[in-house]
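In what follows, a single structure is set out as structure tokens and then discussed.
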Amino acid sequence: MSDIVGLVLPFFGLIFIGFLVARMTRQPLEALGWMNTFIVYVALPALFFQLLARTPFEQLTEWRFIFGSVFSTYTIFSIMFVWSVTASRGEIAQSTIKALAAAYGNIGYMGPGLALLAFGEQAAVPVALIFCFENIMHFAIAPMMMALSGDDKTSPWRLILGVVRKIVLHPFIIATSLGVGAAYLGFHPPQPVDRLLEYLSRAAAPCALFAMGVTLALRPLNRVPHELASIAALKLILHPSLCYVVLSWIGNFSEIWVFSAVLLAALPTATNVFVIAQQYGVWVQRASASVLITTCLSVLTVTGLLYMIRHGILPPDLFP
């Protein structure tokens, strides 16, 4: 057990340090702006590019793996959405945010750092693939569902254009595309550029986790949703369980790929769910509470998952 504690303590410790510092200094959330810019536009894209560019191209086109991971995520989304719409008698906007809270994990800030720490650089490819394709779906589904709810009066053409712009111009997806292109061409950056990318990559996970802790500390916990138990169970338990079963069923993937996908599925609700809720003015405080509480609970669930992986309790293939 000590090796698992040693693995997760630095990871969740960085989040806690960010939380503690934010409580002590009382800086406004807006003061985090430049760090978030550095993380999203510089450090994490450098990490994705560097690791993907070094990967054999054939590993980047594993469509069965992509399908299994995305299918698992959107099965969870559909379960929560259908349950919420039924219970609320057709409230699409709130049901969309609830479904995102149950299915959209923190695969951007938490995913790369924890997966690489737990499984090494071989986890970079599955993490990048999952991030890229799941975010394409998230960027498309949120505005589409809000348009269906009638709360978004954007014309269909502007809606489609906005979705495409979010996908094409997202720095993580740009970096992933460039990394895949570099792997295909066998391109290696000059040594000074490669060294710069290495420095930026090393800063990505610590800065992202610290910023996440600050964000959690400065968002008020005023309204805890009564659906929180369902959201937490779906996000932290059912999502990784379903991902594990589906990937074991559809293909013979390496254990690092399977466990990386399961780990990403087990991550708590993404802070982007709060951002989306705030953008549309729907379920905002409850979305913030979902992020905070699932993150706190994930200290136990993610630690338990890593313990089962490290000690062979969870086999790499459920259907050998």
Are F274 and W283 close enough that their ring centers fall under 6.0 Å? no

In short, side chain to side chain donor-acceptor pair (under 3.5 Å) pairs touching residues 105-123 with sequence neighbours left out are N36-Y109

Sorted by chain and number, sequence neighbours left out, side-chain contact (heavy atoms from CB on, under 4.5 Å) with R195 holds for Q191, Y199

Could you list the residues that satisfy salt bridge (charged side-chain N to carboxylate O under 4.0 Å, His left out) with D194, not counting sequence neighbours? R54

Any pair with a residue in residues 287-299 that passes salt bridge (Lys or Arg N to Asp or Glu O under 4.0 Å), sequence neighbours left out, goes on the list, sorted by first then second residue, please. none

Which residues share a side-chain contact (heavy atoms from CB on, under 4.5 Å) with L7, sequence neighbours left out: L117, A118, L306, R310

Sorted by first residue and then second, give each ring-ring contact (aromatic ring centres under 6.0 Å, His included) pair with at least one member in residues 19-40; sequence neighbours left out. none

Can you give the donor-acceptor pairs under 3.5 Å from side chains of residues 254-262 to other protein atoms, not counting sequence neighbours?
| unit_1 | atom_1 | unit_2 | atom_2 | d |
| --- | --- | --- | --- | --- |
| S254 | OG | W257 | N | 3.3 |
| S260 | OG | I256 | O | 2.6 |

Could you pull out all residues at least two apart from Y74 that satisfy ring pair (Phe, Tyr, Trp, His ring centres under 6.0 Å)? F77, H138

Between H239 (side chain) and A265 (backbone), is there a donor-acceptor pair under 3.5 Å? yes

Could I get the full list of side-chain contact (heavy atoms from CB on, under 4.5 Å) partners for V168, not counting sequence neighbours? V164

Name the atoms and distances for all side-chain donor-acceptor pairs under 3.5 Å in residues 42-51, with sequence neighbours left out.
| unit_1 | atom_1 | unit_2 | atom_2 | d |
| --- | --- | --- | --- | --- |
| Q50 | OE1 | S201 | OG | 3.1 |
| Q50 | NE2 | E198 | OE1 | 2.9 |

Side chain to side chain donor-acceptor pair (under 3.5 Å): which pairs involve residues 76-86, sequence neighbours left out? S84-S95, S84-K98

For residues 294-302, which side-chain N or O atoms pair as donor and acceptor with protein atoms under 3.5 Å away, sequence neighbours left out?
| unit_1 | atom_1 | unit_2 | atom_2 | d |
| --- | --- | --- | --- | --- |
| T294 | OG1 | T269 | N | 3.2 |
| T294 | OG1 | T269 | OG1 | 3.4 |
| T294 | OG1 | S290 | O | 2.6 |
| T294 | OG1 | V291 | O | 3.3 |
| T295 | OG1 | V291 | O | 2.6 |
| S298 | OG | T295 | O | 2.6 |

